[in-house]
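Both ligands and their constituent atoms are indexed starting at 1 by order of listing.
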Amino acid sequence: MGTGSSKNPDCSSSHGSDDREDQGGGQLYVSLKMEENSYLLKSELIPHVYGSVPLVGSWDPSKALAMERESSSMWELSFVVPPNHETLDFKFLLKPKYSNSPCVVEEGPNRLLTGGTLQGDARSAVFRLSGGEVLLEYRVFIKADRVSPFDLAASWRAYQENLQPSTVRGIPDVSMNSVPESGTENCSSASLELDLEHYVVPAPTTSANSGLLYAANMTETPRSLSHANAFSKAAGGASHPVSIGVPTERPATIKEMEVIVPDPTIVYSSSGIVESKSVGTLSSLQKQDGQRGLFVDRGVGSPRLVKSPSLTTFTVDQNVHSEAKNPIPAAAGAVAAAAVADQMLGPKEDRHLAIVLVGLPARGKTFTAAKLTRYLRWLGHDTKHFNVGKYRRLKLGTNQSADFFRGDNPEGIEARNEVAALAMEDMIAWMQEGGQVGIFDATNSSRKRRNMLMRMAEGKCKIFFLETICNDRQIIERNIRLKIQQSPDYAEEPDFEAGYWDFRSRLDNYEKVYETVEEGSYIKMIDMVSGHGGQIQVNTHLTPRPILLTRHGESRDNVRGRIGGDSVLSDTGEVYAKKLANFVEKRLKNERAASIWTSTLQRTILTANPIVGFPKIQWRALDEINAGVCDGMTYEEIKKNMPDEYESRKKDKLRYRYPRGESYLDVIQRLEPVIIELERQRAPVVVISHQAVLRALYAYFADRPLKEIPHIEVPLHTIIEIQMGVSGVQEKRYKLM
Ligand SMILES: O=P(O)(O)OC[C@H]1O[C@@](CO)(OP(=O)(O)O)[C@@H](O)[C@@H]1O
């Protein structure tokens, strides 16, 4: 996301020790303030900061950063730098906000900021106006605090949401160098500039950055509330449409979980074979933990599924599936439920499925629901996420105290049931219009509430419960803190502690009446402490890590315009391979582990060749779309010799299947194990693959609609960095050549 505000120094030189310092994580949050002493002289000129690094204009006054008025006499500018930032030389200047003249630079030498500390005295800033006759003086203050990535992310989100100063745990908004200067390079040398920011190119507007930040944001806008006019009325009695700009909500988080899935679609056998009927793939469970070097997967399945040796926590709901013998292999709730959904969508009359979340607050329900929604949509199921909290806030406002959630507060219970019923009605109405999978996101923590939902679903859709149980105090604590920072329920609570204790007491109220699911069909996701009891690790974790997607270097077939094939790299492609190795070395230099995934085709393997120091894994699932009888032809040749095929593909590129080859839909299906594995990885992964495959993978992370997949731009010699973490999914693109 480019939070770094100053250029990174060459860490291989004398800055090595700073590197170590940085490992504690976090950034330096620097706040510069100027106080006007000359009250008599209110100037139209706005204080700005300009200085030696691009963040502050590289000494170009027209690019100086404007300070914001904090109070009638105080001006403020805050920004974030790495703790080991290079020395920043800067000065204050005065100029109008939207013009560069007049422009008055402060008197005296440059100011120096090193390690977040201002060198020398924080002397006043003195400006000479009106030909030197008038002196304007400001007192200068500087403060630097180390802040955690969570706080930064929260602050940045607040900034993006509000586009105005907000305060998140006392941290005002962050100024960021979001579009660093980019440049292209034509030289044939394979080395890269030390500063990778040099290669950043803007991501497309529909990229992963565009709207994925708040999970509850993406949920359905309550239609029942707008239809029933249950919401706002203007003073004159005229009704207003329900505002879509409702307060937003961050997903709570789960660090890692075990999924216990009484899943009718996955057949388990003790031989370690897993068959997922949802995708028709058959893959062997293979254990290769700690493996280094080249591993060749000749099948399309996951090369790295970890099987649990323990059955102790495996719970099977007999209502759902009485034959399951083994716990499932590593798979997220999202994936398991996708398989369930697939199976349940068989007969025509059963083509609607409600997945009802169950769990105490701060157990990661919204996060799970958002992931499920994304995954099911990517698989092609029409899926919607209904968040009951959003309904509650729209109908009842955001300022409900903990008392509202008491189990012995009949009005509170009634109001909460009412909004839950409204959301369920909306969900069922949407299904009756053709919607397939509805994800119903609320605590649904009592049997009575769940009975109500089951009754409403009767004859209309299948229903199963997905319970998220988390007993890890640390994870819960972290989720609670995120909730206070990010939930609209506490947006108007300036006092973090007050919000914290209110939410704690809300949680107590829920805990007193919570009833775990024992009825109907259900899946339980039970927390898991890594390494305890041989439990399965699944992919629903939030360890921030980048996934780097790139096509192979240009191939000889690319040069000739031939599709498919298995040719080697062109000269340009070879240069890219070297540059990529250089890039990977720099980008991942601070990572303890990472892996390089390629297809089984030469052009990706050769592209990965110069990369050293990381294990490489070949996946057949990452091979390019199989062009069948057209393999090796140019598009022109296909048009000339097989005009009907050419036209059919043009008409429906997503569904078109090359004779004896594949369609994009086929590619998406075979990528399922890759997605599961990518989600599960805790370390960075570099995926070197092909145009069609990367379109499908990218679409999953960027949440792009199915129909767009065959047309997504995935240029050669460009790296798409996807950041997966608590703050959602973000994207950055580097163009190396
Ligand atoms: O679906 P379209 O747009 O044809 O793109 C897929 C094509 O991209 C190509 C290049 O044209 O992939 P690749 O990057 O592997 O070389 C073809 O091999 C492949 O058939």
Side-chain angles (χ1 to χ4, degrees), residues 204 206 300 548-577 579-580 596-609 618-671 674 686-700 704-720 733 735-737:
T206 45
V300 294
L548 304 169
L549 305 177
T550 177
R551 284 173 71 185
H552 50 80
E554 182 190 64
S555 70
R556 293 209 182 148
D557 275 348
N558 287 152
V559 177
R560 294 187 282 249
R562 303 206 171 278
I563 65 169
D566 192 13
S567 69
V568 297
L569 300 181
S570 70
D571 290 347
T572 313
E574 275 173 18
V575 174
Y576 178 67
K579 283 189 181 250
L580 178 67
I596 316 295
W597 298 4
T598 68
S599 73
T600 63
L601 297 170
Q602 284 200 78
R603 52 194 187 278
T604 62
I605 297 168
L606 291 170
T607 306
N609 248 0
Q618 291 177 15
W619 289 73
R620 218 170 71 202
L622 287 176
D623 283 1
E624 181 53 309
I625 187 170
N626 181 348
V629 298
C630 299
D631 190 74
M633 293 168 83
T634 64
Y635 292 116
E636 270 312 302
E637 284 166 354
I638 301 173
K639 193 174 177 184
K640 199 167 147 225
N641 301 322
M642 307 169 79
D644 292 349
E645 294 297 330
Y646 186 85
E647 278 311 309
S648 309
R649 188 162 202 255
K650 207 166 138 197
K651 267 199 211 113
D652 190 354
K653 200 171 168 190
L654 179 71
R655 285 177 191 78
Y656 171 82
R657 179 179 281 148
Y658 282 110
R660 299 208 208 129
E662 287 180 304
S663 66
Y664 267 86
L665 284 181
D666 295 331
V667 172
I668 291 166
Q669 292 285 295
R670 74 156 134 102
L671 282 172
V674 178
V686 181
V687 181
I688 306 175
S689 182
H690 305 265
Q691 179 155 255
V693 166
L694 291 173
R695 281 174 173 155
L697 286 182
Y698 174 80
Y700 169 76
R704 295 277 291 273
L706 206 56
K707 64 177 189 319
E708 283 181 17
I709 291 179
H711 312 284
I712 292 172
E713 212 185 314
V714 184
L716 277 172
H717 305 161
T718 303
I719 296 151
I720 303 175
R733 291 190 177 211
K735 193 163 180 56
L736 299 195
M737 287 163 70

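The pair E624-R603 fails the salt-bridge criterion, with no side-chain N (NZ, NE, NH1 or NH2) lying under 4.0 Å from an Asp/Glu carboxylate O. Remark: D557 engages R560 in a salt bridge, criterion side-chain N to carboxylate O under 4.0 Å.
Residue N558 places at least one N or O, backbone or side chain, under 3.5 Å from an N or O of ligand 1. Considering backbone and side-chain atoms together, Y658 places no N or O closer than 3.5 Å to any N or O of ligand 1. Between R562 and ligand 1, no N or O atom pair is found at a separation short of 3.5 Å. Residue G564 has at least one nitrogen or oxygen atom sitting less than 3.5 Å from a nitrogen or oxygen atom of ligand 1, judged on distance alone.
The environment of NZ in K653 is crowded: more than 12 heavy-atom neighbours from other residues, nucleotides or ligands sit within 6.0 Å. Heavy atoms of other residues, nucleotides or ligands lying less than 6.0 angstrom from CG of D571 number 12 at most.
Looking from atom 11 (O) of ligand 1 to the surrounding protein, the closest heavy atom is Y635 OH, 3.8 Å. Among protein heavy atoms, atom 8 (O) of ligand 1 sits closest to Q691 NE2, 3.1 Å.
Taking 4.5 Å as the limit, some side-chain heavy atom of L706 sits within range of a side-chain heavy atom of I668. The shortest side-chain heavy-atom distance between R620 and T600 falls under the 4.5 Å cut-off.
Atoms of ligand 1 found under 4.0 Å from any heavy atom of R649 (numbered from 1 in listed order, with element): 1 (O), 2 (P), 4 (O). Listed by number with element, the atoms of ligand 1 under 4.0 Å from a non-hydrogen atom of H552 are 13 (P), 14 (O), 15 (O), 16 (O). Listed by atom number, the atoms of ligand 1 under 4.0 Å from I563 heavy atoms are 17 (C), 18 (O), 20 (O). Listed by number with element, the atoms of ligand 1 under 4.0 angstrom from any heavy atom of Y664 are 1 (O), 2 (P), 3 (O), 5 (O). Atoms of ligand 1 found under 4.0 Å from any heavy atom of K653 (numbered from 1 in listed order, with element): 1 (O), 2 (P), 3 (O).
Comparing H690, E624, E554 by heavy-atom distance to atom 12 (O) of ligand 1, the nearest is E624.
Counting heavy atoms under 4.0 Å from ligand 1, residue R695 touches it through the side chain alone.
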- In sequence, state the C-alpha distance, the side-chain angles, and the governing distance for E645 and Y656, and then conclude on side-chain hydrogen bond (donor to acceptor under 3.5 Å, both in side chains). CA-CA 9 Å; E645 294 297 330; Y656 171 82; 2.4 Å; yes
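The two residues R670 and N626 make their nearest non-hydrogen contact at NH2-N, 4.3 Å.
Tested against S599 for a side chain to side chain donor-acceptor pair (under 3.5 Å), the candidates H552, H690, Q618 yield a single pass: H690.
Ligand 1 has R603 within reach: a non-hydrogen atom of the residue lies less than 4.0 Å from it.
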